[in-house]
Amino acid sequence: MHSLWYEEREAPFPEHNLQVNSNPNELFNHCFVFANPTGDFPAGWMKYRGSKNAEFIWEQDEKDVFGIMIRNRIAHQTASICQQRSYAVPVYDKQVWEIGAKIKVNAPLWINIKVHHVCKSSRVLGSSQDFLLDQQNDYCSGLVTIPAGVDFAYIELGTRQAGVIWVEDVVFRRVFPLEKYSTNAQGRINVNTIEVLKKIAEPVEVRGSVELKGVLPNVHILKNVIDLYEDLTAEPLLKYSKVQDISQLNLYSFCVINLGPHNALIQVQISPDGINWVNDGPELRVIPNIGQAFTANYFLRYIRLACTSGGNKATHLKIFFQAQA
């Protein structure tokens, strides 16, 4: 590792699979390019747990990609790096954030990513997720919802298993509310802009009857709302979403959000019996960090989505199904 101060050097993003579109990565020095004042570790990061059982090396590979190698010698003893608290990211309650990382391993290994939520009282809450990585799958990601009363969040990443990991990039970016809506510093929707009229109401996680009372006397609209979602990893081989029976539904749609680093190919399929399936419409590409809505052109009783990464490595999808009866 070169012991110099990288004050104005650009990060080597061309070598990264993490693609940032409208939702930027909020972590300072997330790909470990800049050095701290002593030049011995990335700025904004520190060796956190495992000083006695692990080795931490900040290094640069032959492609000029920076990373932190963590060699954990003892199983069931955590070895992790952590953001310095002074570089914590401003957040607001009920926001939804993606956490993730690009990590190389030489054998299957469990990785833990923890979000430390800092409350106004300086109390720290934790939100933790575990991911199993192998030599073919070097990216992991999940979603966290910010608890009430939290002002800042910072990230810890590591493993409790014996082995070696090479952390190339860490992700923390807001996925709700989306940047395309006008928001204030806390992520709340601004109500003084005409663009707010275009915002779709937040989905209600309920399956049942919802009564909407109108402004006129004795006016009642009764809607049966279905709001479901599932997580699916698109791989080179086809995978399928859960089958939905749409025979009693008036309106329905799928929405696929690609939270991974690679493109996904999505195909609507319909069936008269839930056994024999036919394609409905063209196969559509969903690129990273983008959502796409899907519905059928023809009616048959059952519907599902066929998903693949199109020969790429795996990519994580969140699939929503919403309907009104």
Side-chain angles (χ1 to χ4, degrees), residues 1-18 20 24-75 77-91 97 99-106 109 111-118 122-128 131 133 138-140 150-173:
M1 173 54 59
H2 304 294
S3 58
L4 57 136
W5 177 246
Y6 292 94
E7 284 189 352
E8 299 182 358
R9 175 166 182 173
E10 293 291 334
F13 284 111
E15 297 296 339
H16 285 246
N17 290 329
L18 299 175
V20 178
N25 193 346
E26 297 289 346
L27 295 184
F28 170 72
N29 200 20
H30 55 83
C31 51
F32 314 119
V33 172
F34 305 106
N36 63 18
T38 61
D40 61 355
F41 214 65
W45 295 87
M46 61 182 179
K47 306 168 188 177
Y48 196 55
R49 306 181 198 269
S51 59
K52 295 182 180 179
N53 56 277
E55 181 182 11
F56 302 84
I57 302 176
W58 180 38
E59 56 188 8
Q60 180 180 2
D61 68 12
E62 65 280 359
K63 296 182 180 179
D64 290 331
V65 176
F66 289 79
I68 297 176
M69 186 192 71
I70 302 176
R71 179 181 288 112
N72 193 14
R73 302 184 183 90
I74 304 176
Q77 294 289 327
T78 300
S80 65
I81 57 173
C82 188
Q83 274 186 291
Q84 293 176 340
R85 189 160 169 171
S86 57
Y87 290 91
V89 178
V91 296
W97 289 72
I99 58 170
K102 184 176 182 184
I103 303 175
K104 296 177 182 177
V105 296
N106 53 19
L109 208 65
I111 306 300
N112 177 265
I113 304 178
K114 186 172 185 178
V115 182
H116 297 273
H117 305 283
V118 184
S122 295
R123 186 165 61 101
V124 179
L125 307 174
S127 177
S128 182
F131 306 91
L133 294 184
D138 61 359
Y139 181 77
C140 56
V150 171
D151 285 334
F152 298 93
Y154 60 97
I155 307 300
E156 176 188 353
L157 182 149
T159 181
R160 284 178 54 83
Q161 290 187 286
V164 178
I165 65 176
W166 201 81
V167 187
E168 183 176 318
D169 210 336
V170 184
V171 169
F172 191 55
R173 55 188 165 210

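Computed from a predicted structure; not experimentally measured.
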Test side chain to side chain contact (heavy atoms under 4.5 Å, CB included) applied to Trp166 and Val65, step by step: CA-CA 11 Å; Trp166 201 81; Val65 176; 4.1 Å; yes
By side-chain contact (heavy atoms from CB on, under 4.5 Å) - contacts of Phe41 (at least two apart): Asn36, Trp45, Lys47, Phe56, Trp58, Ile68, Ile81
Min side-chain heavy-atom separation Ile103-Phe131 under 4.5 Å: no
Backbone N/O of Lys102 and side chain of Asp169: donor-acceptor pair under 3.5 Å: no
Phe32 vs Val170 side-chain heavy atoms within contact, under 4.5 Å: yes
Minimum heavy-atom distance between Ala43 and Ala35, given as atom pair plus value: CB-O, 3.4 Å
Contacts of Arg85 that satisfy side-chain contact (heavy atoms from CB on, under 4.5 Å) - sequence neighbours left out: Val118, Ser122, Val124, Tyr154
Partners passing side chain to side chain donor-acceptor pair (under 3.5 Å) against Trp97 (at least two apart in sequence or in another chain): Gln95
Side-chain heavy-atom pair Phe172, His30 within 4.5 angstrom cut-off: no
Exercise: do Asn112 and Ser128 side chains pair donor with acceptor under 3.5 Å: yes
Check: Gln83 side chain, Ile155 main-chain N or O, donor-acceptor pair, under 3.5 Å: yes
Identified side chain to side chain donor-acceptor pair (under 3.5 Å) partner of Asn72 from the options Asn53, Thr159, Thr78: Asn53
Residues in side chain to side chain donor-acceptor pair (under 3.5 Å) contact with Gln161, at least two apart in sequence or another chain: none
Minimum heavy-atom distance between Ile113 and Cys140, given as atom pair plus value: CD1-SG, 4.1 Å
Under the salt bridge (charged side-chain N to carboxylate O under 4.0 Å, His left out) test, residues paired with Arg160 that sit two or more places apart: none
Value rounded to 0.5 Å, distance of CG in Asn25 from SG in Cys31: 8.5 Å
Partners passing side chain to side chain donor-acceptor pair (under 3.5 Å) against His116 (at least two apart in sequence or in another chain): Glu156
Minimum heavy-atom distance Leu157-Ala101, with the two atoms named: CD1-CB, 3.4 Å
Worked verdict on Arg49 versus Gln77 for side chain to side chain contact (heavy atoms under 4.5 Å, CB included): CA-CA 9 Å; Arg49 306 181 198 269; Gln77 294 289 327; over 6 Å; no
Contact summary for Ala153 and His117, nearest pair of heavy atoms: CB-ND1, 4.4 Å
Verdict with reasoning, Val105 to Ile165, per side chain to side chain contact (heavy atoms under 4.5 Å, CB included): CA-CA 5 Å; Val105 296; Ile165 65 176; 3.7 Å; yes
Set of residues satisfying side-chain contact (heavy atoms from CB on, under 4.5 Å) with respect to Val164, sequence neighbours excluded: Met69, Arg71, Asn106
